[in-house]
Student: 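Okay, handing you the structure first.
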Amino acid sequence: MTSCINDTKSQNDKGIDNPISKEKLDFLGITNGDKLSAASKRALKWTDQQLYNNDWYFEYNLFDLKGDLAFQEGVVRRDPSALIKHKGKYYTWYTKSVGKTVGFEGDIENDKVFPWDRSDIWYATSPDGLTWKEQGIAVSRGTPGSYDDRSVFTTEIMVHDGMYYLCYQTVGGLYNKRVKNQIGLAWSDSPEGPWTKSKEPILSPADNGLWKGDDLQDRFSVTQKGDFDSHKVHDPCILPYKGKFYLYYKGEQMGEAITFGGRQIRHGVAIADHPRGPYIKSPYNPISNSGHEICVWPYNGGIASLITTDGPERNTIQWAPDGINFEIMGAVKGTPKAVGLNRTADHEKAPLEIIRWGLTHEYRSPDEQYIRGFRTRGRKNQTLK
Ligand code: AAL
């Protein structure tokens, strides 16, 4: 027993300088270096980079877009992709649907159960990121019987070697609460298309969960929850990284619980040698314990990730030197939803250069969502009063 307590103590103290400098104790306002609370021990483990700089901090405000991406009655436009530039114009792709969101109580065969149900992926272009012209459908739902015949939505763009890749969520068959969500891919040699769709999904949920009973509208009853992504793989984003392709995604688990006051949501990564796959899930998954929509970018040889909405580490910005082992670099008051990053920015200039402005979405009602812009500002040059 005694040795067990000692082990715990040494575990807790690991990473704390020994001896602790007077300056550090003074900076942190810790009076007694020999009487450390658990919180003080955590604070003493913060690296100088975490402690002294605010380069990973932002506040934000939203603004309305003009032209075709301005709010439109009766239309859902949401989950904008990152911005890219081609021949002097910005491009973004997004989920678009029309019609009333009825939910699961109605006739799921014919009704729309979520705003992103019965959607296709559309795109728009803009000379300045403010005024947009909708150009039409990029990727439509599949033909009846295919894995994406019900909805294609929540897309991200990757440009690599002169090719354009859209990865996106898919639902096939009946949209009930137990339906599995997968990830599809389409590619083209032009941002205008035409797009060729993968015949099979490039990523699927883990199949090691077991539902309890056969009520298709009960996603909480399980005899075994399975991996963190046993129910849905969502919000895909592929980054070229270290000569490979890292597909970051959000996992939803069968029998999802509420933990730390939020949904049980974690992120994973699957890695491929070629943009089209095959994508192999990392054995280190899950790579976050919190978060929601994926928002990742390369920085300083590693990958940065905005962790929003759910879990104990929500509203933090994290960075992993290897794209897998993330540490908290900054904490923010809140974040725009479903961020579409500005991939045209020089992402190496500063940690948050890529998120100085971009796209987000907002709800007017369950039936109407629209894309808006956001701007962020840092805190570096602000002085305390
Ligand atoms: C979002 C995203 C995914 C979900 C839905 C639409 O917050 O996580 O895209 O499927 O909600």
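Note that ligands are numbered from 1 as they come in the structure, with each ligand's atoms numbered from 1 the same way.
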Student: Side chain or backbone, does T154 bring an N or O within less than 3.5 Å of an N or O on ligand 1?
Tutor: yes
Student: Anything under 30° is parallel, anything over 60° is perpendicular, the rest tilted; go ahead and classify F245 against H274.
Tutor: tilted
Student: With a 4.0 Å heavy-atom cut-off (strictly under), which part of D79 contacts ligand 1: side chain, backbone, both or neither?
Tutor: side chain
Student: Any carboxylate oxygen within less than 4.0 angstrom of a Lys/Arg side-chain nitrogen, looking at K281 and D227?
Tutor: no
Student: With atoms numbered from 1 as shown, which atoms in ligand 1 lie under 4.0 angstrom from a non-hydrogen atom of K250?
Tutor: 2 (C), 8 (O)
Student: Are E362 and R364 ion-paired here, with the side-chain N under 4.0 Å from a carboxylate O?
Tutor: no
Student: Does F153 approach ligand 1 within less than 4.0 angstrom via side chain, backbone, both or neither, non-hydrogen atoms only?
Tutor: side chain
Student: Among all the protein's non-hydrogen atoms, which is closest to atom 3 (C) of ligand 1, and how far away is it?
Tutor: Q169 OE1, 3.2 Å
Student: Look at the rings of H86 and Y91 and say which category their plane angle falls in: under 30° parallel, 30 to 60° tilted, over 60° perpendicular.
Tutor: perpendicular
Student: Looking at D148 and R141, is any side-chain nitrogen of the basic one under 4.0 Å from a carboxylate oxygen of the acidic one?
Tutor: no
Student: Could you tell me if any non-hydrogen atom of R78 lies under 4.0 Å from any atom of ligand 1?
Tutor: yes
Student: Output yes when a side-chain donor or acceptor of W297 lies under 3.5 Å from a complementary backbone atom of L341, and no otherwise.
Tutor: no
Student: Could you list the atoms of ligand 1 found under 4.0 angstrom from a heavy atom of D235?
Tutor: 2 (C), 3 (C), 8 (O)
Student: Checking a contact table here: which protein heavy atom is nearest atom 7 (O) of ligand 1, and how many Å away?
Tutor: H292 NE2, 3.1 Å
